[in-house]
Amino acid sequence: MSDGIADFSEGRYYDRFSGPEALSPDNLRGLENEREGARIQDFYLPLLSRRPLVSRADRNLRVLDSGCGNGESVDVLNAAGFDAWGHDLSALRRWQWRLRERRDRLVVADGASLPFPDGFFDAVIASGVLEHIGVAEEGAGGYRVRPLSDRDSLRQSFLRELVRVSSPGGRILLDFPNGNFPIDFWHGDRPGGARVHSLREGFLPTAREVRSLCRRIHPALRVRPLSPLGRLRFRQVSAHWYGRLLRGPMHALQRVMSLPGLGFLAASPLNPYLILEVRRRTDQQQ
């Protein structure tokens with residue numbers, strides 16, 4: 001342990017980071033523009049506060065942010081009264097975490113092998129993580145991605161570990177760009193840049209694929225789509241003309257997805273950004 005941060009990686013990170021001198025001006029600007037705390041404040045904090053995922057009279061709700069990036073999310077959640085933890089497998093993130101107030105709640109660890117006991121968390125959040133598992137990505141000279149032969153087994157291992165550390169009555173909240181939507185606004189050559197992709201590309205997951213993976217893990221797991229209202233704000237996309245054009249209609253569509261009986265639209269090809277709630281049915285819910 002150093003700087004109050006526990007490291008379970010044994011030196012095996014997914015990135016190479018020798019120190020801040022290795023970061024280019026573009027890298028530094030990108031890190032400064034990250035809004036890891038904003039996704040919690042805008043969407044997940046209201047969700048957890050409005051609809052407690054489980055009732056805990058003995059302690060605060062315990063939350064894990066899996067793939068927490070710069071760690072701001074953990075500070076925001078703890079400041080709001082949650083018992084929050086975060087993990088990532090990055091040497092760069094470990095360096096960033098020195099600035100976090102609750103770096104004692106940040107651990108360097110692989111998502112497929114978490115250093116937490118069974119059923120430890122009442123809620124687990126994984127934002128923009130699942131799509132990067134089991135694929136090879138290249139950014140130089142234009143973004144390119146291809147699925148690996150063991151993509152599904154790697155993604156299943158990750159989800160199985162999130163299920164393991166979740167309490168029986170808790171939820172897992174996954175979010176990522178929708179593989180059934182033909183335009184990807186999150187992995188282009190520029191921030192918010194549109195990237196048209198094949199629906200058979202094998203990179204971005206779909207709700208159907210996540211349901212299939214969850215069935216293999218445990219037949220009692222249920223996957224429910226949520227409207228991205230509050231999560232998808234088109235901030236970076238709005239720097240482009242098409243983002244400004246789409247922002248109003250997409251906001252209206254997100255409100256429609258929030259209406260009773262229309263939640264199925266959140267898993268459809270109309271929605272560019274999926275939020276899926278995974279929950280394990282208990283005997284009382286059968």
Within the distance-only criterion (no hydrogens, no angle test), does the side chain of [X] pair as donor or acceptor with the backbone N or O of [Y] below 3.5 angstrom?
{"X": "Glu161", "Y": "Leu114", "result": "yes"}
{"X": "Ser227", "Y": "Gln254", "result": "yes"}
{"X": "His87", "Y": "Ala109", "result": "yes"}

Residues Phe116, Trp85; criterion ring pair (Phe, Tyr, Trp, His ring centres under 6.0 Å); working and verdict: CA-CA 10 Å; Phe116 302 105; Trp85 297 72; 5.7 Å; yes
Chi angles and distances behind the ring pair (Phe, Tyr, Trp, His ring centres under 6.0 Å) call for Tyr14, His132: CA-CA 11 Å; Tyr14 72 74; His132 296 289; 9.0 Å; no
Looking only at heavy atoms, what is the nearest atom pair of [X] and [Y], with distance?
{"X": "Val165", "Y": "Val124", "answer": "CG2-CG2, 4.4 Å"}
{"X": "Arg280", "Y": "Val163", "answer": "NH2-O, 4.0 Å"}
{"X": "Pro205", "Y": "Glu131", "answer": "CD-CB, 3.6 Å"}

Aromatic contact, His251 with Phe234 (centres under 6.0 Å): no
One thing to verify: whether [Y] and [X] come together as a salt bridge, which I'm taking to mean a side-chain N less than 4.0 angstrom from a carboxylate O.
{"X": "Asp65", "Y": "Arg39", "answer": "yes"}
{"X": "Asp75", "Y": "Arg100", "answer": "yes"}
{"X": "Asp83", "Y": "Arg105", "answer": "yes"}
{"X": "Asp42", "Y": "Arg231", "answer": "no"}

